[in-house]
Each structure stands twice: as C-alpha cells, then as structure tokens.
Amino acid sequence: MNIQEVLSDKVKEAVKSIFDKELPNVEFQPTRKDFEGDITIVVFPMLRVVKGNPVQIGEQIGGYLEEHVDAVAGFNVIKGFLNIVINDGFYLDFFNSISSVENFGFVKESDDAVMVEYSSPNTNKPLHLGHIRNNLLGYSVAEILKASGKKVYKTQIINDRGIHICKSMVAWQKFGNGETPASTGLKGDKLVGNYYVAFDKAYKEQIAKLVAEGTDLKVAEKEAPILLEAKDMLLKWEAGDAETVALWKTMNGWVYKGFEVTYKNLGVDFDNLYYESDTYLLGKDVVAEGLKKGVFFKKEDGSVWIDLTEDGLDEKIVLRSDGTAVYMTQDIGTAIQRVKDHPDVNGMVYTVGNEQDYHFKVLFLILQKLGFSWSNKLHHLSYGMVDLPSGKMKSREGTVVDADDLMADMTRTAATISEELGKLEDYNEEEKQSLYKMIGLGALKYYILKVDPKKRILFDPEESVDFQGNTGPFIQYTYARIQSILRKAESMGIDISKDAKVTELHAKEKELIKQLQIFPDIIQLAAENYSPALIANYTYDLVKEFNSFYQQVSILGESDDEKKVLRVQLSKKVAEVIQDAFKLLGVEVPERM
RNA sequence: GGUCGCAUAGCUCAGCUGGAUAGAGCAUCUGCCUUCUAAGCAGACGGUCGGAGGUUCGAAUCCUCCUGCGAUCACCA
C-alpha cells in the first residue's frame, strides 16, 4: 500500500473525530523540495466542509495523524499546506515488500481484451518517418495496455489495393524492364516505391505537355494518359483479370518482404493481419441493414448517407450511387469482422494520424447508432504529423525521411560516439554492432515517444537526435552503470537475498524509494491516457534521481555492510524498473556501454 | 466560412484531477574523473506560460473572445 492510501482514510478519520464532518476526498501532492516533509495534504479544499482557519485545521489534523499513524513521524503547516514527514521505516518496509517482486507495477493479464491497430501502410512505397511514429506509438500503447492488465491483440490493416498500387504497377510495366528485387539488389518496398515516384514524374510531364498544347490544366490532370492507364488497371483488378492480379501479387509480395525487414529492425510485431483486398467489400450488408433500421437514408441517385447534423457533424456517404463501398463502409465492416474473429474483444484502439480525426469521429458515431455494445469503447489514438523543415513529407515527390535509412543513420551515430569514448575495446565486431543498434534505436524511439502524441513533431535531419540529457542513451547508460555495480557486487560476494537490517535512510535513498513507489500508478495513468510519454518522463525522473544518488553516496564502498546491501538492492530494483519501463517503449537496455 | 487540435526559457519538451517561488534537457558559462562507467554529477544564466477578459481563497491548467500555426469539412483512401 502506498502512503496516500494509508493517509487518505486517516485524514477522513481525523476530520470526523475533530470536527464531526464527512470529508469526501483528500488532496495530496508531493512536498516541495524547499520544505520539510515527504507528502503534502492540501487543506484549502477542506474548507468547504470544515469552516475555519486553514493553518489551524492543518495543525489539528497533523497532530491527529502524528498520534494515530505509525508511519507519520512529524508535520509542519505552511499556509494551507500540511507537510507530513514519513518515517524511514515505512519506506524500508515498502521497499522490502517489492524488492524481489518481478515485473513490479505490472498487472496480470485479465480477460478484458482490446485490439490495437497500428502501422496499416499502403503497399506502393516504403515506410518513412511518419510510419515510425505510428509504429512506435501503437506498439508502445499495446505494451502499456498489457502491463495495465488488458489482454491485447496487435493488428493492422494493410492497404494492398487501390489506385495508388496501380500507379506503381503501371510505371513498373512501362519503365521497369523486368526489374526485380533480386536483379537490382534493392529491398522490395524500395523498388516498388521508386516506380511510384517514376509514375508521378511521368504524370507531371504529361500534364505539362498537354497544357503546353493548349489543354486546360484541370482537364489535363484528369486525362493524362498514364493516369488513365492506372485507372484502367484498377478496373481490371476489380474484375479479377488474371494478368493484373498476378502482377499485383508479385509486387505486393516484394513490398511485404521489405516491410518485414523494417518491422524487424524497428522491433514491432503483430498478432494478426487484415488486408484491405479481403475487407473492402465488407460492410455493405451492414449498410443495407442499417438502411432498414433507418440509421441511413438513400438519396435519389441511389447513394446511401447518414445524417449527423444533429450531432454537430455533416451528412456522410456510406455507399456510392453505383453500390460500391467507400472507405467508411470498409471500416464499419472491418470493425464488426474483428469482433466476430475475436469475440472476447471489448474495445479497439486505432493508431492513425490526426488528419483523420473527423473520419473516426464519424465511424464511432455510426457504430454507436448501429447499436454495437462495444461501440463506446473505441478510441482513436490520434497523433500529430512528423514534418520536415521543408514542409510535409511526400513520398511521390521523394521528400521523405526513409525509415530504414534513418535507423541506419542512428546506429552509425551511436557507433561514432561509442568509438570516441572507447569503452568497449574487448567487444567483438558483432557485439559492437548489436550494441550500436540498441543505442541508436533507443535514441530514436525515446526521442519520438517522449513527446505528447497529440503534438506535431518537426524533425530536422540536419540536427541529429541527441544522445545526452533527456534521451534514450542517457537512460540506457544508467542501466549499464548499475549492471556494472551488480557484477562487482557479485564478485565481492555480497549477499542481497535477505532484507537489509537498516533503520535509517539516506535522503537520496528515500527519494529513490518514493519514485519507485509511484511506478504502478504511472503505468495505469499511461494506459488510461494512451500515452507512452508518461512512461518516458517517469523513467527519466527515476534515472535522474538515481544518478544523483550514485554521485553522492558510495554503494560498494560503504563501510556498513547492511547499508551496502540495501544500496545494492536499491540499485538492482531501479535497473529492473528501467528495463521494464523501457520494454513498454520497445527500447532495449545494454549490459555495458 | 464551420469543426477539431496545438501555442510554456534562444531551441526541444515536462507540468496528473486548478494549489506554495512554473520544471528538465540542449546551447552558453563555472566547478567535479589516482575511489562503484564523466553518454554522468553539482551550480550559474535564461520565463509578462500567444493576447484580453471572466470564474475561484488560489489559474499555465477551467470558461468566453481574439491572434498565429496545423488538420479537416470528396461518390479519394
């Protein structure tokens, strides 16, 4: 039990006993560093229940607590703030109770299942920095939800059909000369992406030519021959034309192979996959049903709509006049299909950029109006775009930061810094490379995950991601340092299996235990808010606290054996929490660096 | 134009349900490696929390208006 839980009831008891009033809740905050105390009770809100002078009330409650609660060693009141001093024994007991608990703060998996969708790329081009943010967020939120006690299915819907894929296919047919990943040595997704760019180039040239010949720009944009070819190819694909479908399969196959490599490097994975080519027709039956129920209405031309004006939104189309599905139809169908496939799922998280806020608002509203029980447990994990100083990234114009290149860059930077420091002379090349990758990716992942998902990120490739200060490598470094201490402690034969017989804590030890104590709350908070940033910031605070402790007190050089044991145990626990917290961010930690 | 989001130190960001003198990192400057890893620690410098009103004992936090930036409002996905 943490200190707030202990005190909360006692404060209510005090108010009841002294003033004969019922206090609905007690407001706590950590005591500011400039005052004596460990936790502060704010008296002001009590004034609504108890009339009087806040200082006097504070004094009276403080006195009651000191007398009736073992953990309370003393108190002081400043203005309306009751600062409570907690005795060291309380923190020692707490630490001993968690010191050998594995995965401290993690809640065991329950039957409450949730599906987390992330990544969901198009198959016409390689993954870029924007996808990296999506993947890291989705993966991390999935891990956090798991740690908070949910059962989690990680999934994605692969947008494997549509005009964008046909563009790459047309360009490959025209300019490809039969190139394959094998013949060029290129990653499949890169090869296909090159043709997407080639298409755009040819398309623009054709437009320019048409305009030069006197065609109106708008008309030229619609009638450029290569675009018509792509459209024609989409029709053939939809009709099941054997040759087209075969090419589509081949090229998508190349892309999947490429994606696999990127996902593996990035360290993300999925429990099951959905393909748009399988799901794009789903949802039509649901629309028909909803039409009967009056959720939707049909316009004269046969198109089907939903009227959301009463909910402050517009009318939204759910089926075209020719009866074909739109994006929304597909998403309705897919959501329902997912629950059919996994009946235990009671809620979904969609990791999709904030440009689609409106779409998801509408989607969730529609599912609600259709009456699905799980429709109020849907969440759009919306995040800001990653922009470059030059503006928005555009794949077709080639102005993107490629995911593979970026990861390789980060690894290289880690290598350079590491070589300069020269602490790993005895590592072999393979060990070094794996460590550099761990650090480089740690820097990248932490850099992206530490900021609030809602915020737009401006990424300047010229200014490299930091490796010092509030960064992944800084935290990894602290972990490695602790491992070094633990190795030494072991070789010194220090036995840390039993509780240390210590009665007093050093101020820094106490601060560390306090910080450890809130880890379980942070996990829950991060889960409720779908925010890896909370985990990142917590870990940073913990690590800062540890480094300060490390600098101020000697751990292995401590003359008192019991204190020495406690400090080693404390260090070990901090390392474990760092490792567990970073696991939630998808970042690994090294034994040395 | 309607709707949604964002705005905190020169830069990048914290700031939980309103609470004490608004916190970190980077950058700049000072100290600390013959003792557990200096990718570290300790300190200095740096803020009218975009602006104006309001609610409150108390507002960076809540409400209203305004400004700036971004997104969105397709029989595209």
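Every chain is numbered from 1 and lettered A, B, ... according to where its sequence line falls, protein lines coming before strand lines.
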Side chains of A/Y327 and A/Q356: is there a donor and an acceptor less than 3.5 Å apart? yes
One pair to check against salt bridge (charged side-chain N to carboxylate O under 4.0 Å, His left out): A/R412 and A/D409. What are the steps and the verdict? CA-CA 5 Å; A/R412 228 172 292 130; A/D409 269 1; 3.0 Å; yes
Examine B/A24: is either OP1 or OP2 under 4.0 Å from a nitrogen or oxygen in the side chain of A/N470? Give yes or no. no
Could you check which of B/U3, B/A20, B/C36 has an atom nearest any side-chain atom of A/S484? B/C36
Are the ring centres of A/F549 and A/F546 closer than 6.0 Å? yes
With heavy atoms under 4.0 Å as the rule, sort A/L534 into base, sugar-phosphate or nothing. sugar-phosphate
Please report the distance, rounded to the nearest Å, between CD in A/E221 and C1' in B/C76. 15 Å
Quick one: A/Q156 CD to B/A77 P, roughly how many Å, whole number? 20 Å
Once hydrogens and angles are ignored, does a donor-acceptor distance under 3.5 Å link the base of B/A20 to the side chain of A/T40? yes
How many whole angstroms separate atom CZ of A/R592 from atom P of B/U37? 10 Å
A/D314 atom CG is separated from B/G1 atom P, nearest whole Å, by 17 Å
Pairwise 5' ranking along RNA chain B for A/T471 and A/N547, keeping only the more 5' one: A/T471
side-chain N/O A/K544 vs B/G23 OP1/OP2, d < 4.0 Å: no
Categorize A/T478 for me: base, sugar-phosphate, or nothing, with a 4.0 angstrom heavy-atom threshold over every strand shown. nothing
Indicate whether OP1 or OP2 belonging to B/C76 is found under 4.0 Å from a side-chain N or O atom of A/R320. yes
Considering only the C1' atoms, how many Å lie between B/U48 and B/A22, rounded to the nearest integer? 13 Å
For A/N159 and A/Y275, test the side chains for any donor-to-acceptor distance below 3.5 angstrom and give the result as yes or no. no
Among B/A77, B/G25, B/G40, the one nearest A/R161 by side-chain distance: B/A77
Distance only, no hydrogens: is a donor on one side chain within 3.5 Å (strictly under) of an acceptor on the other, for A/N252 and A/D160? no
Listed nucleotide nearest any side-chain atom of A/R32, set B/A39, B/U8, B/A20: B/A20
Tell me what A/I317 touches on the nucleic acid: a base, only sugar-phosphate, or nothing, going by heavy atoms under 4.0 Å. base
Applying ring pair (Phe, Tyr, Trp, His ring centres under 6.0 Å) between A/H379 and each of A/Y350, A/Y530, A/F364, report the one that passes. A/Y530
Using a 3.5 Å limit for the pairing distances, which stems of at least 3 consecutive Watson-Crick or G-U wobble pairs does RNA chain B take part in? B:1-7 with B:67-73, B:10-13 with B:23-26, B:28-32 with B:40-44, B:50-54 with B:62-66
Nearest-Å distance, NZ (A/K454) to C1' (B/A14)? 14 Å
What's the gap between B/G1 and B/G47 when it is taken at their C1' atoms, as a whole Å value? 37 Å
NA contact type, A/Y358, heavy-atom cut-off 4.0 Å: base, sugar-phosphate, or nothing? sugar-phosphate
By nearest atom, which of the nucleotides B/C16, B/A77, B/A39 is closest to the A/Q330 side chain? B/A77
Between A/R48 and B/U56, is there a side-chain N or O to OP1/OP2 distance below 4.0 Å? no
Under 4.0 Å, counting only non-hydrogen atoms across every strand here, what does A/N354 touch: a base, just sugar-phosphate, or nothing? sugar-phosphate
Verify the contact: side-chain N or O of A/Y477 to OP1 or OP2 of B/A39, cut-off strictly under 4.0 Å; return yes or no. yes
Pair A/K514 + A/E511: basic N to acidic O under 4.0 Å: yes
Mind telling me whether B/C63 is syn or anti, cutoff 90° either side of 0? anti
Regarding the side chain of A/K79, the nearest nucleotide among B/U21, B/A77, B/C41 is B/U21
Would you please determine if the base of B/A20 is stacked by A/F81, with stacking meaning a centroid separation under 5.5 angstrom and planes under 30 degrees? yes
Quick one: which of B/U72, B/U37, B/A77 gets closest to the side chain of A/E355? B/U72
Considering only atom C1', compute the distance from B/A60 to B/A52 and round it to an integer number of Å. 16 Å
Please state the P separation for the pair B/G23 and B/G43 - nearest whole angstrom. 14 Å
Which is it for A/D38 and A/V85 under the side-chain contact (heavy atoms from CB on, under 4.5 Å) test, yes or no, and what are the steps along the way? CA-CA 5 Å; A/D38 300 298; A/V85 182; 4.0 Å; yes
Donor on one side chain, acceptor on other, A/E419 and A/Y436, under 3.5 Å: yes
Can you tell me which nucleotide in B/G25, B/A77, B/A20 comes closest to the side chain of A/E276? B/A77
Provide the distance between the two C1' atoms, one in B/C4 and one in B/U21, to the nearest whole Å. 37 Å
Are A/D466 and A/T471 close enough that a side-chain donor and a side-chain acceptor fall under 3.5 Å? no
Please determine if A/K299 forms a cation-pi arrangement with A/W305, meaning its NZ or CZ atom is less than 6.0 Å from the six-membered ring centre and no more than 45° off the ring axis. yes
What do you reckon, are the aromatic ring centroids of A/F474 and A/Y540 less than 6.0 Å apart? yes
Donor/acceptor link under 3.5 angstrom from A/N83 side chain onto base of B/A20: yes
Shortest side-chain distance from A/Y550, nucleotide among B/A39, B/A77, B/A38: B/A38
When the P atoms of B/U3 and B/U64 are compared, how many Å lie between them, rounded to an integer? 12 Å
Which of B/C36, B/A39, B/C73 is nearest the side chain of A/M593? It is B/A39
Check the phosphate of B/U12 against A/K450, side-chain N and O only, distance under 4.0 Å to OP1 or OP2. Yes or no? no
Could you tell me how far apart A/F467 (CZ) and B/G25 (C1') are, to the nearest whole angstrom? 15 Å
Looking only at side-chain atoms of A/D357, point me to the closest of B/U21, B/U8, B/C4. B/C4
Any base atoms under 4.0 Å from A/Q483, or only sugar-phosphate, or nothing? Heavy atoms, all strands. nothing
Pairwise P distance for B/A20 and B/A24, with rounding to whole Å: 15 Å
Remember a base hit wins even if backbone is also touched, and classify A/A480 as base, sugar-phosphate or nothing at under 4.0 Å, heavy atoms. base
Applying a 4.0 Å non-hydrogen cut-off, can you work out what A/Q29 is touching in the nucleic acid: base, sugar-phosphate, or nothing? base
Would you mind reading off the distance between A/Q551 atom CD and B/A39 atom P, rounded to a whole angstrom? 11 Å
Are the ring of A/F44 and the base ring of B/G19 both nearer than 5.5 Å at their centres and tilted by less than 30°? yes
Sugar-phosphate only, base, or nothing, as touched by A/P54 at under 4.0 Å among non-hydrogen atoms: nothing
Spacing between A/I457 atom CD1 and B/C11 atom C1', to the nearest angstrom: 15 Å
Quote, to the nearest angstrom, the P distance that separates B/C73 from B/G10. 37 Å
